[in-house]
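See below for the structure under consideration.
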2 protein chains.
Amino acid sequence: MARTPASRGTRAATLSDVARLAGVSVATASKALNGRNHVHAQTRERVLEAAAQLSFSPNSLARGLLAGRTGTVGLLTSDLVGRFSLPILMGAEDAFGAGQVSVFLCDARGDAIRERHHVQALLSRRVDGLIVVGSSTDPRPPLADAVDVPVVYAYAPSEAPEDLSIVPDNVNAGRMAVEHLIACGRTRIAHISGDRQYSAARDRAAGAQAALEAAGLALVGEVAYGAWEEGWGRAAAGMLLDREPGVDAVLCGSDQVARGVLDTLRERGRRVPEDVAVMGFDNWDVLATGARPQLTSVDMNLEELGRAAARALFEAIDAEHGRGVHTVQCRVVVRGSTASAG
Amino acid sequence: MARTPASRGTRAATLSDVARLAGVSVATASKALNGRNHVHAQTRERVLEAAAQLSFSPNSLARGLLAGRTGTVGLLTSDLVGRFSLPILMGAEDAFGAGQVSVFLCDARGDAIRERHHVQALLSRRVDGLIVVGSSTDPRPPLADAVDVPVVYAYAPSEAPEDLSIVPDNVNAGRMAVEHLIACGRTRIAHISGDRQYSAARDRAAGAQAALEAAGLALVGEVAYGAWEEGWGRAAAGMLLDREPGVDAVLCGSDQVARGVLDTLRERGRRVPEDVAVMGFDNWDVLATGARPQLTSVDMNLEELGRAAARALFEAIDAEHGRGVHTVQCRVVVRGSTASAG
DNA sequence: AAAGAGTCCGAAAACCTTTTCGGTCATTGC
DNA sequence: GCAATGACCGAAAAGGTTTTCGGACTCTTT
């Protein structure tokens with residue numbers, strides 16, 4: 001006999017089946033399985049045994065329908081392929097997965113139409129909350145639809161100030177980077193960054209310059225904005241060495257840029273870190289640990305950001321909705337490219 | 001008044017609300033909204049209007065409870081952080097998202113206990129099917145629990161031959177790579193690969209050697225197994241040049257290894273591709289396009305693999321369950337590192 | 001004008017679980 | 001022995017949707 005969908009295995013056991021096998025009513029079975037009041041120990045034992053025998057698993061749909069809560073949340077990303085969504089997603093999944101919450105994953109591909117479609121689908125599935133993950137740290141418009149569940153924006157803050165957003169602290173990241181270079185004894189520090197259109201680039205530069213001023217120093221040359229690519233790093237490093245041969249540290253806007261800078265320094269015969277220290281941002285493992293020497297980088301703690309977003313959503317579901325933009329701190333991961341100058 | 005969870009917004013509108021506003025019964029409202037038989041056009045219009053006014057969105061829980069189908073699937077990955085799960089996940093999400101299916105994402109972190117926990121949770125949510133994504137192409141044990149919904153294994157095949165698995169064709173990938181190098185006029189081809197423990201490394205090497213034999217050639221030296229790291233590529237390339245100075249092409253086990261090989265070739269004064277052609281596997285964009293010259297690489301079409309897994313799951317849900325291991329073809333992405341030797 | 005056909009709508013059951021409330025039984029104290 | 005109490009169990013409703021079936025109404029045909 002062909003295995004049609006209807007006949008695939010025996011239909012999952014229901015509470016009625018368990019109750020019948022245990023010789024009790026469904027009400028008693030429910031109470032026994034949920035550890036509720038006033039069930040005789042012996043009866044409970046019978047019910048548990050029956051449930052195990054039928055490998056009973058309560059239907060979450062029915063439960064959710066009744067309770068008005070589903071124990072699910074939606075994770076709406078606009079750019080799954082990107083480097084930054086993933087760790088955030090990991091952290092969120094981590095924080096939720098520890099409890100009883102399951103995560104719906106949706107990728108809007110940066111398309112507003114698709115985003116609305118996904119939001120509608122999630123609402124129809126009665127998610128308890130929503131996390132919206134952006135693909136850059138630039139603010140994004142809030143969700144188009146009116147949603148009656150809590151929403152937390154992660155990485156990219158919402159443009160609406162009354163929304164709750166959790167973002168990395170790029171300004172402080174720039175500050176910490178420069179402070180590390182200064183602690184390594186560097187004083188002639190240049191900054192080769194990525195695309196100026198990105199607030200991440202501007203914020204990091206602002207933080208870096210603030211730290212320099214605080215130390216009574218100034219940047220060597222201007223901030224060199226360009227692209228988030230190795231090729232830009234190579235080219236910009238060449239120009240920098242031509243114009244400012246005395247530079248003793250290069251802070252790079254990303255690890256990709258830093259890889260390019262390292263290449264050019266090597267070719268020009270500058271030793272790293274003895275002659276010039278190099279730092280990146282993002283702590284992208286494959287780039288940072290494959291470099292020669294291994295690359296010191298600022299980690300944005302994205303996984304922690306994801307966990308923070310999940311926690312914030314929990315709180316918003318259970319009680320009051322938080323507001324405004326919160327930041328997650330970053331940290332410097334020290335590797336060979338910034339060993340202290342003897 | 002404090003906004004308690006109960007008072008957050010007005011409770012979502014139900015079909016009864018719509019029916020009442022339209023002045024019809026819930027049955028009629030349901031039929032009108034679902035385009036069913038025998039509803040007067042004018043009545044339907046009234047219902048649609050009422051639904052729009054209340055921004056009614058049908059409760060998927062109730063629908064799923066009744067239909068026995070939820071329109072959800074579980075995506076169980078063992079290694080979300082890894083490079084390979086993500087595109088597969090993208091492709092699957094893509095194929096599902098086009099329809100009416102939502103995806104539950106779970107990361108088991110490579111832990112069997114956690115995996116069982118997630119499977120139980122997914123079954124309790126009555127998913128219609130399951131995709132299990134491995135973190136390497138080595139076979140993995142099948143799911144521990146008996147599941148009464150279709151399961152498709154992606155990337156890592158199941159050890160059980162009666163399960164349905166969809167994997168990249170690594171043997172053919174190796175073959176295609178060597179054929180490309182031969183087409184570029186190379187005859188003295190060496191192979192520097194990654195960790196021998198991985199079947200991906202062994203399969204690619206086997207395919208490469210088969211293609212060489214078919215062309216009446218032989219590998220220069222032995223296959224150099226090592227680690228999936230740039231450092232190994234640099235070291236192995238050094239040894240290779242010492243032992244086999246006449247080599248005119250290096251096939252690398254991954255793009256990371258290839259980056260290391262490129263570095264050493266440059267330092268030894270070998271021009272790429274004029275003197276030595278270099279190829280990688282994986283087509284990891286950030287590594288391949290950042291290299292000098294840009295790196296020719298074999299793309300495993302992982303996103304297509306994810307789509308194929310989703311399609312296979314669709315079929316298994318609707319009808320008969322397929323069996324055995326299916327492969328997805330890969331393709332060579334040509335860049336500067338293998339330009340034809342004049 | 002009556003019968004038949006066709007069109008449209010509504011009542012009710014089904015899906016599965018949880019919770020409330022009432023009922024049964026035994027036990028205990030007087 | 002009787003009433004009160006407590007322990008345990010079961011009936012029923014609720015949650016929102018879809019579907020089936022029967023009923024009511026209208027229009028056409030003879």
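Hydrogens, waters and symmetry mates are skipped; everything else that's a heavy atom, side chains included, is used. Proteins come first, then strands; the chains are lettered A, B, ... in the order of their sequence lines, and each starts at number 1.
- One can place NE2 of H38(A) at 19 Å from P of dA26(C), the figure rounded to the nearest angstrom.
- Remark: P of dC25(D) and NE2 of H40(B) are 16 Å apart, rounded to the nearest angstrom.
- Mapping R126(B) and V26(B) onto DNA chain C by nearest heavy atom places V26(B) at the nucleotide closer to the 5' end.
- A close approach under 4.0 Å does not occur between any side-chain nitrogen or oxygen of N59(B) and OP1 or OP2 of dG15(D).
- Among the heavy atoms of the strands lying under 4.0 Å from T43(A) are primed sugar atoms or P, OP1, OP2 only; no base atom is included.
- The CD atom of Q42(A) sits 14 Å away from the C1' atom of dA7(D) (whole-angstrom rounding).
- The CG-C1' distance, from L33(B) to dG16(D), rounds to 13 Å in whole Å.
- Side-chain atoms of D145(A) and Q120(A) include a donor-acceptor pair closer than 3.5 Å.
- Rounded to whole angstrom, the span from the CG atom of L66(B) across to the P atom of dG16(D) amounts to 14 Å.
- An OP1 or OP2 oxygen of dA11(C) is reached within less than 4.0 angstrom by no side-chain nitrogen or oxygen of S25(B).
- Among the nucleotides dG10(C), dT18(D), dG10(D), the one closest to the side chain of K31(B) is dG10(C).
- The CZ atom of R36(A) sits 9 Å away from the P atom of dT18(C) (whole-angstrom rounding).
- Counting only N and O atoms by type, the side chains of R125(B) and T72(B) include no donor and acceptor under 3.5 Å apart.
- Side-chain atoms of D163(A) and S165(A) include no donor-acceptor pair closer than 3.5 Å.
- For S30(A) and dT18(C), the shortest distance from a side-chain N or O to OP1 or OP2 is below 4.0 Å.
- Using a 4.0 Å heavy-atom criterion, one finds that T14(A) contacts the sugar-phosphate atoms exclusively.
- Considering only the side chain of A27(A), dA11(D) comes nearest among dG10(C), dT18(D), dA11(D).
- Take the nearest nucleotide of DNA chain C for R46(B) and for A62(B): the residue whose nucleotide is more 5' is R46(B).
- Atom CG of L65(B) is separated from atom C1' of dG15(D) by 9 Å (rounded to the nearest Å).
- In the set dT18(D), dT19(D), dT17(C), dT17(C) carries the atom at the smallest distance from any side-chain atom of R63(A).
- Residue F56(B) comes nearest to P58(B) through the heavy atom pair CZ-CA, 3.6 Å, listed as atom of the first residue, atom of the second, then distance.
- L61(B) and G64(A) make their closest contact through CD1-C, 3.9 Å (heavy atoms, listed as atom of the first residue, atom of the second, distance).
- If you take CG of L61(A) and C1' of dA14(D), they are 17 Å apart, rounded to a whole angstrom.
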